[in-house]
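These notes concern the structure reproduced below.
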Amino acid sequence: MGMSVTEINFDGLIGPSHNYAGLSLGNLASSRNAGAIAYPRAAALQGIEKMRGNIRLGLAQGMFLPQWRPDGAWLAQLGTDIGAAEPHIRAAAMSASSMWAANAATVSPASDTADGRTHLTVANLVTMPHRSHEWPQTLAQLRVAFSDPRTFAVHAPVPAPFGDEGAANHMRLCDHHGAAGVEIFVYGRSGGPFPARQHFEASKAVARLHGLDAARTLFVEQSEEAIAAGAFHNDVVAVANERVLFAHELAFADKTGFYADLRAVMPGVEIVEVPASAVSLADAIKSYLFNAQLVTLPDGGMALILPTEAQETPAVWQWLEQMVAGNGPIRRLVPVDVRQSMANGGGPACLRLRVVADPATIDPRFMMDEGKLDAIARIVSDYWPEQIAPDDLADTRLIARIEQSWLTLVDHLQLSGDLIP
């Protein structure tokens with residue numbers, strides 16, 4: 001491994017079929033906005049601006065493409081097509097939820113694995129019908145982006161029924177990104193009225209597939225209270241970066257045991273915990289305080305890239321301002337506007353998958369700079385639908401437009417030969 005290993009955030013570009021069908025049980029924002037009008041063009045431009053902001057902070061930035069929608073192959077397996085499908089099946093076939101790249105895969109960097117390669121396991125997402133058909137197209141992109149077999153190993157999904165929701169339930173702590181780390185898999189057993197989406201068996205399987213050192217791998221149960229409050233993934237109540245764990249006091253079922261285990265394998269860890277007395281679980285979930293990107297800037301300091309909703313939740317912003325005024329590791333707050341994603345229950349961290357690697361080993365068509373983002377923004381402005389109401393999903397003209405949008409983008413990125421719908 002060369003010295004050019006760095007953390008790259010791969011954001012999912014928000015697709016032209018972005019809509020609010022309210023398909024995600026246990027995701028309070030998704031349920032609350034069901035039936036609302038969605039703005040795919042504005043959504044994708046917001047996501048592009050977030051990527052642009054990261055590049056301006058000096059961070060490496062990649063991008064995954066939206067998926068081909070409607071997913072005709074999935075509909076065919078169900079014995080129907082987009083014209084004949086029942087409304088809930090049609091909505092699932094049109095879902096743009098692959099934009100949340102944190103659920104695309106789980107990634108273990110080369111420094112953690114037995115064979116010295118970076119391992120990626122595509123998430124099966126079996127718990128929710130609208131996401132369960134994402135993995136074949138996600139896997140196709142991962143196999144193109146990370147195609148060098150000397151550097152990367154890309155795994156097929158863990159078999160059903162062991163639900164795996166990817167990096168949204170996985171954290172990694174290390175002294176610096178290129179060093180060997182401690183990998184933490186967070187699973188759920190029960191979520192009260194809502195499903196626990198990350199299965200313990202799936203987490204164990206991914207750790208085995210990646211060849212992780214058992215002594216440096218922790219399996220931690222998410223608290224039932226957090227899931228029941230709407231934290232359908234761990235990344236809604238906790239985020240880690242290098243030696244810092246930033247978490248809500250009520251994130252984990254056995255916090256004391258987890259913190260003790262973590263300090264035993266990584267004595268230098270810094271745990272920044274937000275007390276429930278200062279920020280309630282409800283406020284943490286409404287503001288997506290923990291669904292922030294905690295990143296290391298080129299000067300070595302850490303910044304929290306937060307949704308603007310965190311600024312609008314007084315208890316949250318007050319706590320954050322006190323934190324950055326102190327002498328802790330997190331020194332900078334960077335609010336970003338991703339309202340269209342937030343309305344479906346996905347904040348800044350949901351939109352990205354973190355990959356520690358040398359950017360030179362990755363297919364350059366997936367790596368971004370400002371010029372590439374400018375060109376993609378022009379395509380979005382010209383082709384993405386301005387708005388979609390749930391009743392529009394049966395409109396053949398809208399479907400044709402969504403398909404044309406995808407083909408234009410994929411053709412522009414010269415990926416049409418690799419990603420056939």
For residues 378-395, the salt bridge (charged side-chain N to carboxylate O under 4.0 Å, His left out) pairs (sequence neighbours left out) are Asp395-Arg397
Going by heavy atoms in the side chains, are [X] and [Y] under 4.5 Å from each other?
X      : Y      : value
Phe162 : Gln198 : no
Pro157 : Asp164 : no
Gln61  : Arg352 : no
Glu134 : Met128 : no
Val356 : Arg172 : yes
Leu13  : Phe64  : no
Phe232 : Glu165 : no
Asp283 : Leu289 : no

Assess whether side chain to side chain contact (heavy atoms under 4.5 Å, CB included) is satisfied between Gln137 and Asp71, documenting all intermediate values. CA-CA 10 Å; Gln137 290 190 53; Asp71 188 341; 4.3 Å; yes
Under the criterion side chain to side chain donor-acceptor pair (under 3.5 Å), I'd like the reasoning laid out for Gln67 against Thr138: C-alpha separation, chi angles, the key distance, then a yes or no. CA-CA 8 Å; Gln67 299 199 350; Thr138 302; 2.9 Å; yes
Do [X] and [Y] have side-chain atoms, one donor and one acceptor, less than 3.5 Å apart?
X      : Y      : result
Arg197 : Asn169 : no
Glu183 : His170 : yes
Asn291 : Asp235 : yes
Gln46  : Ser341 : no
Asp363 : Ser147 : no
His210 : Ser108 : yes

Nearest-0.5 Å distance, [atom1] of residue [X] to [atom2] of residue [Y]:
X      : Y      : atom1 : atom2 : value
Glu270 : Leu173 : CD    : CG    : 11.0 Å
Leu125 : Asn103 : CG    : CG    : 5.5 Å
Asn9   : Ile55  : CG    : CD1   : 10.5 Å
Ile14  : Lys50  : CD1   : NZ    : 9.0 Å
Leu297 : Asp299 : CG    : CG    : 5.5 Å
Thr113 : His119 : OG1   : NE2   : 4.5 Å

Scan residues 360-417 for pairs that pass ring pair (Phe, Tyr, Trp, His ring centres under 6.0 Å), counting only residues two or more places apart or in two chains. Trp68-Trp406
So which atom in [X] and which in [Y] form the shortest heavy-atom distance, rounded to 0.1 Å?
X      : Y      : answer
Leu306 : Pro348 : C-CG, 3.8 Å
His177 : Ser111 : O-OG, 4.4 Å
Ala238 : Ala247 : CB-CB, 3.9 Å
Ala101 : Asp11  : CB-C, 4.4 Å
Ser287 : Thr313 : CB-OG1, 3.4 Å
Val380 : Ala44  : CG1-CB, 3.7 Å

Centroid-to-centroid, His248 to Phe246, below 6.0 Å? no
Could you tell me whether Asp374 and Arg52 make a salt bridge, using a distance below 4.0 angstrom between a side-chain N and a carboxylate O? yes
If we ignore hydrogens and angles and just use 3.5 Å, is the side chain of [X] paired with the main-chain N or O of [Y] as donor and acceptor?
X      : Y      : value
Arg90  : Ala85  : yes
Arg69  : Ile402 : no
Thr118 : Phe152 : no
Asn19  : Pro390 : no
Ser223 : Leu250 : yes
Glu249 : Ala276 : yes
Arg354 : Glu7   : no
Gln340 : Tyr39  : yes

Over 12 non-hydrogen atoms of neighbours within 6.0 angstrom of CZ in Arg332: no
For residues 317-324, run the donor-acceptor check on the side chains, cut-off 3.5 Å, and write out each pair with its distance to 0.1 Å, sequence neighbours left out.
{"from": "Trp317", "atom 1": "NE1", "to": "Glu321", "atom 2": "OE2", "distance (Å)": "3.3"}

Report the residue from Val206, Thr106, Leu142 that forms a side-chain contact (heavy atoms from CB on, under 4.5 Å) with Leu120. Leu142
Side chain to side chain contact (heavy atoms under 4.5 Å, CB included) between Asn234 and Phe252, worked out: CA-CA 9 Å; Asn234 173 65; Phe252 306 106; 3.5 Å; yes
Audit row: Val122, Val154, side chain to side chain contact (heavy atoms under 4.5 Å, CB included) steps and yes/no: CA-CA 8 Å; Val122 70; Val154 179; 5.9 Å; no
CA sep, side-chain torsions, deciding dist, call: Leu281, Val237, side chain to side chain contact (heavy atoms under 4.5 Å, CB included): CA-CA 8 Å; Leu281 261 179; Val237 282; 3.9 Å; yes
Please verify the inter-ring angle class for Phe200 with Tyr187; under 30° counts as parallel, over 60° as perpendicular, anything in between as tilted. parallel
